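Note sheet for the following structure.
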Number of protein chains: 2
Amino acid sequence: MKPRSRRGGGRPTIADVARKAGVSAITVSRALREPERVSKELRRQIQHAVGELGYMPDPNARALASARADVFGVLVPSLTNNVFAEVVRGIYDSLSDGPFRIQLGDTHYSGLEEERLLHLFLSQRPAALIVSGIDQTAAARRLLVTAGCPVVQIMETGPDPIDMLVGFSHFDGGRVATQHMINTGYRRVGFLGARMDPRSQRRLAGYRAAAEGAGLFDPRLVTTTPVPSSVSLGRELFREALAKVPTLDAVFCNNDDIALGVLFECHRASIDVPGKIGITGFNDLDMMHVAYPSVTSIRTPRYEIGRNAVAMALEEIDGNRPETRVIDLGFELIPRESTAR
Amino acid sequence: MKPRSRRGGGRPTIADVARKAGVSAITVSRALREPERVSKELRRQIQHAVGELGYMPDPNARALASARADVFGVLVPSLTNNVFAEVVRGIYDSLSDGPFRIQLGDTHYSGLEEERLLHLFLSQRPAALIVSGIDQTAAARRLLVTAGCPVVQIMETGPDPIDMLVGFSHFDGGRVATQHMINTGYRRVGFLGARMDPRSQRRLAGYRAAAEGAGLFDPRLVTTTPVPSSVSLGRELFREALAKVPTLDAVFCNNDDIALGVLFECHRASIDVPGKIGITGFNDLDMMHVAYPSVTSIRTPRYEIGRNAVAMALEEIDGNRPETRVIDLGFELIPRESTAR
DNA sequence: CAATTCAATGGTAGCGCTACCATAAATCTG
DNA sequence: CAGATTTATGGTAGCGCTACCATTGAATTG
C-alpha cells in the first residue's frame, strides 16, 4: 500500500510532478515560484507535467515550509456596512489575479474582538495585514508593530501610522459639509449621528469646529446614538432632533442612510427640502443623486482606499519599501438639491 | 544556535509547551483538540503552560498533518450586494466562536470564476463549502461532488442538491408579488429586472406565471438589462418601461434598489404612488418600510440562510448527517403603502 | 589556460503538527 | 484472580513543501 493513501487522499504532489518531468522536486518548486531561475526547457516540461497531473500546490505545506502564508488578513468593523463592502471590493479586485488569498474578519466595532482576530490571523503568518481605523487598543497596536509583515491602516489619515496608512480626514469631511450648509444660509444646523465610532466622532468634531467658527454651535443641535446606523434610525434621530430644537433648519448626517431616513421623514411630514430643512449626507452612495430631491453628500474614496492599501502592501512585499507611508486620498463635497436654496 | 531560529521565528511550538508541562507533544495536541481524553491534572498543567508561553497552534502545520483545514469556503456572486452581505453576516456570526476560519470568494456572477475559486479553495482541503445558487457549471458541480467535505448550496430551493441546500423559491416570490398587485386591481403590471442572474430569471418566470394566469401577460411589460443593479438603474428601467407602455400601472422590481429608483422617479415626475403606479420590491431592506410612501416587498430570510447553512455543515462535520438535505426557509409578502389603493 | 565566477540543478533536513500504533496501568469480567 | 477490556499516555513517522547548502559544468577572466 502506498504510504500516501494513508491520509489525505492521493492528490498529486510536487514529487509526482518531479518524477513525471524527470527533475528533482526542488526544481519543480522553483519553476513554480521563480520561473526565471529555471531553464526554458525544464520549465516547459514541468508545466506540461503540472497540466497533465492537474497538480495544485498545497498552500498549507507551502506556508509551513516557508513560514509565510500567501494570505492578506483584512479586518473591518462591519461586513454589511456599504462603506466597508466597497473597501473590501477594492481589496478583492486588487488581489484576485495574484497568489494571495484573503482572510476577512469582522470586528463588530470591538477592540477586544479585533485583538482576538489579530491573534488568529497572526498565527497564520500572513503576508500583510489591513486593519480599519487608527484607534487600535494598546495590545492590538503591539501585535501589529511586531507582526513581521506590512501593516496598512485604512479609512483615515493621521500622524502616527503603525506602518502605512491610507484614507482621508473625517474631521475635514465633517467640517466641509457643515461649512457648506452654513455658507448656503442655514443657521440652525444639526448633527445626526448613529453608532458614533471613532470616525463618526471625528466628523462630529469637524461639524463642531465649523459651527463654532461661525458662532452657530449649540450642544442641543447634536443628536447621537450608539445604535448601529440604518435608514429607519435616521428617521428617529430626525424626529428627536426636531422635537428638541423646533427651529432646526438643516442636518449634517453621519452617513447617507441617516440622510435618507431624514429625507423620507420630511416627505412624510410635508417638510420642504431644501426650503425648510437642508440635508447633507456622508459617503455619497449611488442613491443620493437619484433621490428626490437629490441629496448633498461627501463623496469618499472607499474603493480606492482598498486598492491603494493593497498596492502599498504589495510594494513592500516585493521589497520596494514605499517612500510615502501615509496617503491622504481626500474627499469631495457634492452639492445637490437638498441644500440648494 | 537553535535550529528553530533558522526560519520562522522562535514562536513557541507544541514541543515547548510539552516540555514545560512535563508531558509529550502528542498529549498537548490531544489536550487542545479533545480535552476529555486527557486527565484533569495534565489538562490543567498544559493549559497553564499554554497561557505562560502564549502558545498558539499553527493552523498550517495542523492542516498539513491532518489533511484537513479548519476553513469554511464561502462563494458568493457579489460582496457589495446587500443581500449577500446579510448572508455572509449570518455565516460569520454562526462561526465566530468556533475553530473555523472563513475563506470568502467573490465569483462576480461568473461560472468560470467560480470554478477557479473552487480549485483554489479545494487545494486547502476545507472543512465545508458554501456556494451560492444551483446553477453551477458541469465542471464546478463535478468539483463539488468530489470535494470530500460537506457542501451547502444556498439562496434557492430545488430538487437536486449536490449535497445540501438552503433557500427559498424565487419563482414563488415573483409569483406572489405579482399576484398581490393583480389582486389589488393593477392591470398593466410590469417587470423591471437588473443583472438577470438565474435567481432573477426565476422571479421573472414567477411574474410571468402570475400574469399569464390572470390573462394579463404582455412581453412589452418586461424590461430587463444585464447591467448590475443600482438605484439609478431603477430609474432608467422605469423610464424605459413607461416610454414603451404608457398605460403601465404597476411594477414588480427585481429587488429593492430598483424599486427605490422607481419611487424616486415617481416623486420627481409627480406620479402618484400607489394611485397611478403600484410598486413592489424584493428582499425587504430596512429602508422599504421607512420610504414614503412605504414600499411593498418580499421579505427574504437572508441572515437565516447563512445561519442554517453553517448549522447543517457543522452537523455533518460532527458526524450527524442531517436527515433533511433541503431546507425551504420561505419568504413573506409585506404589503405596504406603495400598493395600497 | 589555471583560477574564478556564475548559472542551473540537486540533496538534505526540517517547518509544527497529528495519524497510527504501541505500551503501561487501571478496571472489569465471570 | 487470570484474562480481557478500557483508559491514559508516549513514540515514530510522516503530511507536502521550501531554506539552505552542495555540486556540476559552462562562461569569464587576467
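Each chain gets a letter, A, B and so on, in the order its sequence line appears, and its residues count up from 1. Keep in mind that what you see is a predicted model, and the values were worked out from it rather than measured.
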Item to check | Residue-phosphate contact under 4.0 Å: A:Ser29 side-chain N/O, D:dT18 OP1/OP2 | outcome: yes

Checklist outcome for this item: Testing C:dG16, C:dT18, C:dG10 for proximity to the side chain of A:Ile26, the answer is C:dG10

Checklist entry - Would you call B:Val166 and B:Leu329 a side-chain contact if the rule is heavy atoms closer than 4.5 Å? => result yes

Item to check | Atom-to-atom span, CZ of A:Arg43 to P of C:dT9 - whole angstrom | outcome: 10 Å

Next on the checklist: Given D:dT18, C:dA8, C:dC17, identify the nucleotide with an atom nearest to the side chain of A:Arg62.
Outcome noted: D:dT18

Next on the checklist: Check this one for me: any side-chain N or O of A:Thr27 less than 4.0 Å away from OP1 or OP2 of C:dG10?
Outcome noted: yes

Item to check | Closest nucleotide among C:dG10, D:dC17, D:dG10 to the A:Asp58 side chain | outcome: D:dC17

Checklist outcome for this item: When rounded to whole Å, the CD1 to P distance for the pair A:Ile14 and C:dT12 reads 17 Å

Checklist outcome for this item: When rounded to whole Å, the CD to P distance for the pair B:Glu36 and D:dA8 reads 10 Å

Checklist entry - Which of the following nucleotides, D:dG16, D:dT18, D:dT9, is nearest to the side chain of B:Arg37? => result D:dT9

Next on the checklist: Check this one for me: any side-chain N or O of B:Ser39 less than 4.0 Å away from OP1 or OP2 of D:dA8?
Outcome noted: no

Checklist entry - Hey, is B:Asp70 close enough to B:Arg101 for a salt bridge, meaning N to O under 4.0 Å? => result no

Checklist outcome for this item: The nucleotide from C:dT18, C:dG10, C:dG16 with an atom nearest the side chain of B:Arg33 is C:dT18

Next on the checklist: Tell me the interatomic distance from A:Asn60, atom CG, to C:dC15, atom C1', rounded to whole angstroms.
Outcome noted: 13 Å

Checklist entry - Are the side chain of A:Tyr92 and the backbone N or O of B:Leu104 linked by a donor-acceptor pair below 3.5 Å? => result yes

Checklist entry - In whole angstroms, how far is the C1' atom of D:dT9 from the CD1 atom of B:Ile46? => result 10 Å

Checklist entry - Side-chain donor-acceptor pair under 3.5 Å between B:Arg33 and B:Ser29, yes or no? => result yes

Checklist outcome for this item: From CZ of B:Arg19 across to C1' of D:dG10 the rounded distance in Å is 16 Å

Item to check | Separation of A:Ile130 CD1 from A:Gln153 CD (nearest 0.5 Å) | outcome: 11.5 Å

Checklist outcome for this item: Considering only heavy side-chain atoms of B:Thr13, the closest of C:dG16, D:dG16, C:dA19 is C:dG16

Checklist entry - Got a donor-acceptor pair under 3.5 Å from the side chain of A:Arg30 to the base of C:dG10? => result yes

Checklist entry - Over how many whole Å does the gap from A:Glu41 atom CD to C:dA7 atom C1' extend? => result 17 Å

Checklist entry - Once you round it to whole Å, what is the distance between P of D:dA19 and CG of A:Leu64? => result 12 Å

Item to check | Closest nucleotide among D:dG10, D:dA19, C:dT18 to the A:Ser66 side chain | outcome: D:dA19

